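Written out below as structure tokens is the structure these notes cover.
All values reported here derive from a predicted model rather than from experimental measurement. Below, each value reflects all heavy atoms present in this structure, side chains not excepted, and no hydrogens, waters or symmetry copies.
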Number of protein chains: 2
Amino acid sequence: MTYTITEVAAKFGLSAYTIRYYDKAGILPFVRRNQAGNRQFDEVDVDWLRLVCCLKNTGMALKDIKAYSDLARQGSDTGAARQAMLRQHKQAVLQQIADLQANLELIETKIDFYADPQNKALMDHLKELEQQHRA
Amino acid sequence: MTYTITEVAAKFGLSAYTIRYYDKAGILPFVRRNQAGNRQFDEVDVDWLRLVCCLKNTGMALKDIKAYSDLARQGSDTGAARQAMLRQHKQAVLQQIADLQANLELIETKIDFYADPQNKALMDHLKELEQQHRA
DNA sequence: TTATCACTTAGAGTTAACTCTAAGTCAAGC
DNA sequence: GCTTGACTTAGAGTTAACTCTAAGTGATAA
């Protein structure tokens, strides 16, 4: 089973433009062409693109995904280097999650602040003071 | 206690350029100037910038932070609207965390794959087959 | 009082990641 | 045989978010 660029784009919620951009950028190392010169994606390519999207969606820059792809293109003896990149990226993702959770607390605190009628009254009062002060 | 733009920039790990850019963009509604025309940040401004950074770091676009700031500038009777924005953003952040955690699983699967010596041998074999196939 | 330094402005330049345009090719259907 | 439609290319254009430059101001130190 093979897929056209349009089918693959739809599968991953990307545009065909984006897929071609990724291919130009060198991060789709294995995609082949049919006799007409059109890109023909097989299961290996789809799996590869799934990982590319995963890395992109977790904040890896395309130039780093390119570096990872270059390792893959070089052959199976780069496995250790690729694993090292993924380990490092895993730590970055864990840090992102921790940062989001910390930021979430501030957002929740703000929401609670607006929800509290006592703070509402306080805010009205502060606002009056501020307006006087800043006038 | 007040702060200069350089002090505030350092406090939040931003450049002074970025702070001015935010001010130009209208997302620092309360910052005043001293007699020389220089920005003078008080505790209210620092607290505001902390929230701005929180929203930015959780993926809110500056135009949306601008919309939030415009509400704040309009006065305390926009509290409900601001709370609604924060509630919606909270959901977006929860979704981001869930997405990161899902992607993390794929990354971990890949790391484990590279770590398994059986897969290493399998990969070497597949690679040979692929090279023959793609030659 | 002259130099230095931190700030000011408007506006130009940069970067990443797309996003699209124009012109062309190829296979399928009428 | 001709049109239609999905693909191809190179390269230009877009957007968000900075990032910097140039020219100028005002307060402090030698």
Notebook entry, point to check: When we call it a touch if two heavy atoms are under 4.0 Å apart, what does A:Ala61 touch: a base, just sugar-phosphate, or nothing?
Noted result: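 Touches sugar-phosphate only.
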Next item on the list: With heavy atoms under 4.0 Å as the rule, sort B:Ser15 into base, sugar-phosphate or nothing.
Entry: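 If one applies the 4.0 Å heavy-atom cut-off, B:Ser15 turns out to touch nothing in the nucleic acid.
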[N] [atom2] sits how many Å from [X] [atom1], rounded?
X       : N      : atom1 : atom2 : result
A:Phe12 : C:dA17 : CZ    : C1'   : 19 Å
B:Ile19 : D:dT19 : CD1   : P     : 12 Å
A:Asp23 : D:dA10 : CG    : P     : 11 Å
B:Lys63 : D:dT14 : NZ    : P     : 19 Å
B:Gln40 : C:dT8  : CD    : P     : 11 Å
A:Ile65 : C:dC18 : CD1   : C1'   : 14 Å
B:Tyr17 : C:dT15 : OH    : P     : 15 Å
A:Glu7  : D:dA6  : CD    : P     : 12 Å

Notebook entry, point to check: Any side-chain N or O of B:Arg39 less than 4.0 Å from the OP1 or OP2 oxygen of C:dT9?
Noted result: yes
Margin query: Between B:Arg20 and C:dG11, is there a contact of a side-chain N or O with OP1 or OP2 at under 4.0 Å?
Written below: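 No, because none of the side-chain N or O atoms of B:Arg20 sits under 4.0 Å from OP1 or OP2 of C:dG11.
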Check: Yes or no on side-chain contact (heavy atoms from CB on, under 4.5 Å) for A:Asn34 and A:Thr2, after CA distance, side-chain angles and deciding distance?
Finding: CA-CA 10 Å; A:Asn34 64 15; A:Thr2 64; over 6 Å; no
Nearest to the side chain of [X], which nucleotide is it out of [options]?
X       : options               : answer
A:Thr6  : D:dC7, D:dA17, C:dT19 : D:dC7
A:Ile5  : C:dC18, D:dT8, C:dT8  : D:dT8
A:Lys24 : C:dT9, D:dA10, D:dC7  : D:dA10
A:Leu62 : D:dT9, C:dC18, C:dA27 : C:dC18
A:Asn38 : C:dT19, D:dT19, D:dC7 : D:dC7

Check: A:Leu94 and A:Met60: same hydrophobic cluster, using ILVMFWY side-chain contacts below 4.5 Å?
Finding: yes
Checklist line | Pair A:Gln95, A:Asp99: side-chain N/O donor-acceptor within cut-off below 3.5 Å | finding: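 Per modelled atom types, A:Gln95 and A:Asp99 side chains form a pair under 3.5 Å.
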Check: With no hydrogens and no angle check, do the side chains of B:Arg82 and A:Tyr114 hold a donor and an acceptor under 3.5 Å apart?
Finding: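 Side chains of B:Arg82 and A:Tyr114: pair found under 3.5 Å.
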Would you name the heavy atoms of [X] and [Y] that are closest together and state the gap between them?
X        : Y       : answer
A:Leu100 : B:Asn57 : CD2-O, 4.1 Å
A:Ala16  : A:Ile5  : O-CD1, 3.7 Å
B:Gln96  : B:Thr58 : NE2-O, 2.6 Å

Check: Which ones in residues 92-100 of chain A lie close to DNA chain C, meaning a heavy atom under 4.0 Å from one of its atoms?
Finding: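 When residues 92-100 of chain A is checked for heavy atoms under 4.0 Å from DNA chain C, there are no hits whatsoever.
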Margin query: Quick check: on DNA chain D, is the nucleotide nearest B:Met60 upstream (toward 5') of the one nearest B:Ala36, or the reverse? Name the residue that is more 5'.
Written below: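 By nearest-heavy-atom nucleotide position, the 5'-most residue is B:Met60.
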Next item on the list: Count the heavy atoms belonging to other residues, nucleotides or ligands that lie under 6.0 Å from CD of B:Gln88, then report whether that count exceeds 12.
Entry: no
Note to self: Judged by each residue's nearest nucleotide on DNA chain C, which is more toward the 5′ side, A:Tyr22 or A:Gln35?
What the structure shows: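 Checking each residue's closest nucleotide, the 5'-ward one belongs to A:Tyr22.
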